[in-house]
Amino acid sequence: MAYQLRIPAILLLFGCLACDDDTGKNAGNTGICTDLDGLQTCWNTGNTNNQGILPVSVNVNSGAGAFLLTAFVTGDAYPSVEAIRSPEGSRELYWDDWYTSDYNLTAGILPLGNEMMINWPIRAEDPALSAGRYTVDVAVIDTEGYYQLGKSVTYYTQVKQDDSFSSGTVQARIVYVDDLGDNATITGATEDAVAIWRAIWSTYGLTLSVDYDTRPEVDAAIPSMTEGSEDISEISATGTDADITVIICDTVGGTTQIYGESGGIPGTLVEGRQSAVALSWITNAGGDGTFSTNDIQVYGETLAHEVGHYMGLFHPVDFNGNRAQYWDALSDTDECNTTAACDASLGENNMYPYPVCIGFNNCLDQQSLSTGQAGVLHRYTGAL
Ligand SMILES: [Zn+2]
């Protein structure tokens, strides 16, 4: 990934004589709010201050479990989280603690595109929410890494009034594009794969509720989810602000090498260009257009894996060649160092980066999650 540097605007343009203070008292209003689908969703727009930061307020009532912030910026400008501060003013997250780290906590700290999402808290070891006003400082930088002053940001905050992290229900909406919804081979295999996905999650206290829909006017080639598209925004807009959209298509990102791709780690529950998970039915069918029993198992595991990304899970390990390079920020997934060692200790984990196979069609089941990984899924704001 091409990570952006962040270069303080104040050092380059002018001295900071009258900057907004750092306590959050100037934080933006919560804006227009609705209580729908078990979530309080608020939206507003604001401009970054003379440090290139927009402090966004999130009002949290007692009994709330987590919140999700989605920020949209237009043009060559990239929003990312600078810091999260509690109602008491303590800084619970700071971008640079994770930016240069070998451990992945959230993509919300990375300026990767026009859309930014962060869910908080993420892990059991992160501080639980307390009632009051949280402040999320949203930084906006340009392609060179300079903070952008006076840049307009549209943002949505969503708070779930559910602080139980041992059980929850996720509402997924599976949408077939083009004419795929008319193909009984594809719809039948998808429903069988959903049963496998549901079984994987039920072990960890997550109930999966699925609706099906079709969008025949949308092309079956879906672009890379890191770019997204207006089609994806429109597909997501016809669902609710509590469901996760899963698009079944021919190809993702113009290749049959990609089984599926998530529009963020985490993804958003409101509509945007990246507000979905996309899965290629062709790749999941093994490329031959027919689904073997093994293919359907892989398809079900891919659904759980990609929606796992969408709900905030990273791969437990990512490699550079044969060597591990990055690990997730969870303490109970093995910190292995080589592909051989990681295949052995994590090859059955649902979030492992690739299938571990001994010969053709003889792959390990990848259906397990650690307690820490399940905790991330339960903390996602869309798990109610
Ligand atoms: Zn993955």
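Reckoned from all heavy atoms, side chains included, excluding hydrogens, waters and symmetry mates. None of the values given here were measured: they were computed from a predicted structure.
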Other residues, nucleotides, ligands: >12 heavy atoms within 6.0 Å of Q325 CD: yes
Side-chain donor/acceptor of S345 to backbone N/O of A341, under 3.5 Å: yes
Counting distance only, does the side-chain N/O of D126 pair as donor-acceptor with the main-chain N or O of R123 below 3.5 Å? yes
Just to verify, which of T143, D142, I141 counts as forming a side-chain contact (heavy atoms from CB on, under 4.5 Å) with D76? T143
Can you see whether D250 engages W281 through a side-chain donor-acceptor pair at a distance of less than 3.5 angstrom? yes
Pick one: which of D213, D211, D241 meets salt bridge (Lys or Arg N to Asp or Glu O under 4.0 Å) with R173? D213
According to a hydrophobic-cluster definition based on side-chain heavy atoms being under 4.5 Å apart (Ile, Leu, Val, Met, Phe, Trp, Tyr only), do L112 and M117 belong together? no
Identify the heavy atoms of G300 and I200 that sit nearest to each other, and give their distance. O-CD1, 4.3 Å
Among T302, D365, D192, which residue meets the side-chain hydrogen bond (donor to acceptor under 3.5 Å, both in side chains) test with Q297? D365
Are Y352 and I196 joined in one hydrophobic group, where the rule is that I, L, V, M, F, W and Y side chains link up if heavy atoms are under 4.5 Å apart? yes
Within a 6.0 Å radius of atom CG on N322, are there more than 12 heavy atoms belonging to other residues, nucleotides or ligands? no
Step by step, work out the side-chain contact (heavy atoms from CB on, under 4.5 Å) result for Y176 and N183. CA-CA 10 Å; Y176 300 101; N183 184 323; over 6 Å; no
Give, for atom CD of Q51 and atom CG of L149, the distance between the pair rounded to the nearest 0.5 Å. 9.5 Å
Identify which one of T339, D334, T333 satisfies the side-chain contact (heavy atoms from CB on, under 4.5 Å) criterion when paired with C336. D334
Set out, in order, the CA-CA distance, both residues' side-chain angles and the distance that settles side-chain contact (heavy atoms from CB on, under 4.5 Å) for M311 and R379, then state yes or no. CA-CA 8 Å; M311 293 170 69; R379 280 166 181 76; over 6 Å; no
Hphob cluster co-occupancy, V298 + Y354, side-chain heavy atoms under 4.5 angstrom: no
Please tell me whether V170 and L279 are part of a single hydrophobic cluster in this structure, the criterion being side-chain heavy atoms less than 4.5 Å apart. yes
One pair to check against salt bridge (charged side-chain N to carboxylate O under 4.0 Å, His left out): E230 and R273. What are the steps and the verdict? CA-CA 6 Å; E230 274 309 305; R273 292 173 59 88; 3.7 Å; yes
Test T371 against Y204 for side-chain contact (heavy atoms from CB on, under 4.5 Å), laying out the working first. CA-CA 8 Å; T371 302; Y204 303 99; over 6 Å; no
Name the orientation class of the two ring planes belonging to Y310 and Y380 (parallel below 30°, tilted from 30 to 60°, perpendicular beyond 60°). perpendicular
Check whether the side chains of T190 and Y299 place a donor and an acceptor atom closer than 3.5 Å, and report yes or no. yes
Please report the interatomic distance CG(L54) to NZ(K151), rounded to the nearest 0.5 Å. 13.0 Å
What closest approach, in Å, do A131 and N61 show between heavy atoms, and which atom pair accounts for it? CB-C, 4.0 Å
Residues G65 and F165: closest non-hydrogen pair is O-CZ, 3.4 Å
Quick check: are there more than 12 heavy atoms from other residues, nucleotides or ligands sitting under 6.0 Å from OH of Y259? no
In this structure, would L384 and V159 fall into the same cluster of hydrophobic residues linked by side-chain contacts under 4.5 Å? yes
Let's go through L377 and L369 carefully: what are the C-alpha distance in whole Å and the side-chain angles of both, what is the deciding distance for side-chain contact (heavy atoms from CB on, under 4.5 Å) to 0.1 Å, and is it a yes or a no? CA-CA 10 Å; L377 297 179; L369 293 166; 3.8 Å; yes
